[in-house]
Each structure stands twice: as C-alpha cells, then as structure tokens.
> 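Below is a structure I'd like to ask you about.
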Amino acid sequence: MGKRIALKDLIEIDGNDLSNFCRSVEFSSEHEQVDVSGFNPTGANEFLAGQTVQSVTLEMFGAYGTGETHDVLYDIHRDRSIVNFRWRPDQTQPVSATNPQLTGNVQILTYGPGATRGEPDVFSVTLSAADAAGLVFVTTA
C-alpha cells in the first residue's frame, strides 16, 4: 500500500462509529527521556526510555443528536469512563498488515466543545491511554 488520501478512516469510541463526525486523527506515543549520563571521556549524554504517554487527538464536528458526537463523548467524560477505541485507515477493509488498527482503552480527561460564528462547528478531543496495555497497532482482528 503506497501513499494515501485519508477518506475512509474508521473512528470507533465505546462501540460507537463516529467516523462521519471526525475530520482528523493524530496518534502520539512519547517515551520519557531519562538522563542516565555518567562521567565519561567524551562528555556525551546517555538516555534511557522511561514512562510512556500515549494519546489520540481527534478533530470532531459538533453534532448534538442521539448517538452523535456530544451524546457519546460527553457521557464518557462526565462519567470518567474507560472505553475502547479503534482507528484504522480504511473502514471498508478488514484489519491487516496494510490496514493496521490502533486499539486500546482510553479516557477523555478534558472535554470542551465550542463554535465560531459562520464556521463549521469543530473541536478537538484528546483520548488518553487508560491502562498499562496502552494503545497498540494490530494487524489481525
């Protein structure tokens, strides 16, 4: 699979398909950089990977009907729920080596929809990894 234009991504949160309400998705996985430098002849720094922080940031369209953006996401945030998340590049194809799926348990720690007059109602939502398993790409369903 070569380069692609993102058109058919799957975005599923707590079993709810919110693909049509999402216009961008960005995964972040960052290991803490722990300095373990000692005295050495070159004076070079040495680092080890420490704790990992993972999240997915979605840009969502504001939609307020049953089963739509606000109805699904606000309840998860309000109730401090930990829910399953899935994202894959092509919702019309099964999970595979060329269509990997990012999956894991997440929570919504901050929720803040808003709107600007005359512009599409969009806002960002950050889903934070909620357990030690983290967010992982899988190639088999």
Side-chain angles (χ1 to χ4, degrees), residues 1-65 67-141:
M1 180 182 210
K3 298 174 185 175
R4 77 180 189 105
I5 295 176
L7 294 174
K8 301 184 279 185
D9 293 54
L10 170 75
I11 303 294
E12 186 178 279
I13 302 171
D14 195 23
N16 297 280
D17 184 348
L18 296 178
S19 304
N20 196 43
F21 300 103
C22 183
R23 89 173 182 183
S24 72
V25 56
E26 182 178 333
F27 171 58
S28 173
S29 182
E30 184 175 341
H31 303 301
E32 178 186 14
Q33 187 175 316
V34 180
D35 188 342
V36 294
S37 304
F39 298 113
N40 62 65
T42 64
N45 291 335
E46 183 180 2
F47 299 95
L48 292 176
Q51 296 178 355
T52 302
V53 175
Q54 293 181 315
S55 64
V56 174
T57 301
L58 306 172
E59 188 175 28
M60 303 297 296
F61 288 104
Y64 300 89
E68 295 181 344
T69 308
H70 179 73
D71 182 51
V72 172
L73 300 181
Y74 180 69
D75 289 351
I76 293 167
H77 170 71
R78 181 196 63 215
D79 298 340
R80 301 173 183 203
S81 300
I82 294 175
V83 299
N84 187 264
F85 168 78
R86 295 190 313 149
W87 164 47
R88 73 175 176 266
D90 188 342
Q91 64 181 283
T92 66
Q93 298 298 314
V95 176
S96 68
T98 59
N99 196 34
Q101 180 167 274
L102 181 69
T103 187
N105 293 322
V106 298
Q107 53 190 339
I108 301 172
L109 301 176
T110 303
Y111 183 76
T116 300
R117 183 179 185 272
E119 295 183 12
D121 180 351
V122 294
F123 60 95
S124 292
V125 175
T126 300
L127 311 173
S128 300
D131 57 34
L135 294 164
V136 296
F137 281 101
V138 297
T139 56
T140 57

> Do Gln54 and Ser29 get their side chains close enough for a donor-acceptor pair, meaning under 3.5 Å?
yes
> Can you tell me if Tyr74 has over 12 outside heavy atoms packed within less than 6.0 Å of its OH?
no
> Going by the side-chain contact (heavy atoms from CB on, under 4.5 Å) test, name the single residue among Thr126, Leu73, Ile13 that passes it with Leu58.
Ile13
> Which atom pair, heavy atoms only, marks the closest approach of Phe123 to Gly62?
CE2-CA, 3.9 Å
> What pair of heavy atoms forms the shortest contact from Pro100 to Pro89, and how long is it?
O-CD, 3.1 Å
> Nearest 0.5 Å please: distance from the CD1 atom of Ile108 over to the CZ atom of Arg80.
13.5 Å
> Distance from Asp9 atom CG to Asn99 atom CG, nearest 0.5 Å?
9.0 Å
> Around Glu59, counting heavy atoms of other residues, nucleotides and ligands shown, do more than 12 lie under 6.0 Å from its CD?
yes
> Go through the steps for Val106 and Val83 under the test side chain to side chain contact (heavy atoms under 4.5 Å, CB included), then give the verdict.
CA-CA 5 Å; Val106 298; Val83 299; 4.0 Å; yes
> For Asp71, give me all partners under side-chain hydrogen bond (donor to acceptor under 3.5 Å, both in side chains), at least two apart in sequence or on another chain.
none
> Can you name the residues that form a side-chain hydrogen bond (donor to acceptor under 3.5 Å, both in side chains) with Asp14, not counting sequence neighbours?
none
> How long is the span from the CD1 atom in Ile11 to the CZ atom in Arg23, to the nearest 0.5 Å?
14.0 Å
> Please give me the minimum heavy-atom distance between Ser124 and Thr57, naming the atom from each residue.
CB-CG2, 4.3 Å
> First locate atom OG1 of Thr69, then atom OH of Tyr64, and finally report the distance between them rounded to the nearest 0.5 Å.
8.0 Å
> Is it true that atom CD of Glu26 has more than 12 heavy atoms of other residues, nucleotides or ligands lying nearer than 6.0 Å?
no
> Could you state the interatomic distance from CG (Asp90) to CG (Leu7), rounded to the nearest 0.5 Å?
9.5 Å
> So which heavy atom on Asp75 is nearest to which on Ser81, and how close?
O-OG, 4.5 Å
> Kindly check if the number of other-residue, nucleotide or ligand heavy atoms within 6.0 Å of CZ (Arg78) is above 12?
yes
> Mind listing the closest non-hydrogen atom pair of Gln101 and Leu10 along with its distance?
OE1-CD2, 4.2 Å
> Assess the side chains of Ser37 and Asp35: does a donor N or O sit below 3.5 Å from an acceptor N or O?
yes
> Among Trp87, Phe85, Phe137, whose ring-ring contact (aromatic ring centres under 6.0 Å, His included) with Phe27 holds?
Phe137
> Within this structure, what is the CZ-OG distance for the pair Arg88 and Ser96, rounded to the nearest 0.5 Å?
9.0 Å
> Stepwise, does the side chain to side chain contact (heavy atoms under 4.5 Å, CB included) test hold for Asp17 with Gln91?
CA-CA 10 Å; Asp17 184 348; Gln91 64 181 283; 4.2 Å; yes
> Holding to ring pair (Phe, Tyr, Trp, His ring centres under 6.0 Å), I want the full list of residues that pass it with His31, two or more places apart in sequence or in another chain.
none
> Give the minimum heavy-atom separation between Gly134 and Ala129, together with the two atoms involved.
CA-CB, 4.2 Å
> Centres of the Tyr111 and His70 rings: under 6.0 Å?
yes
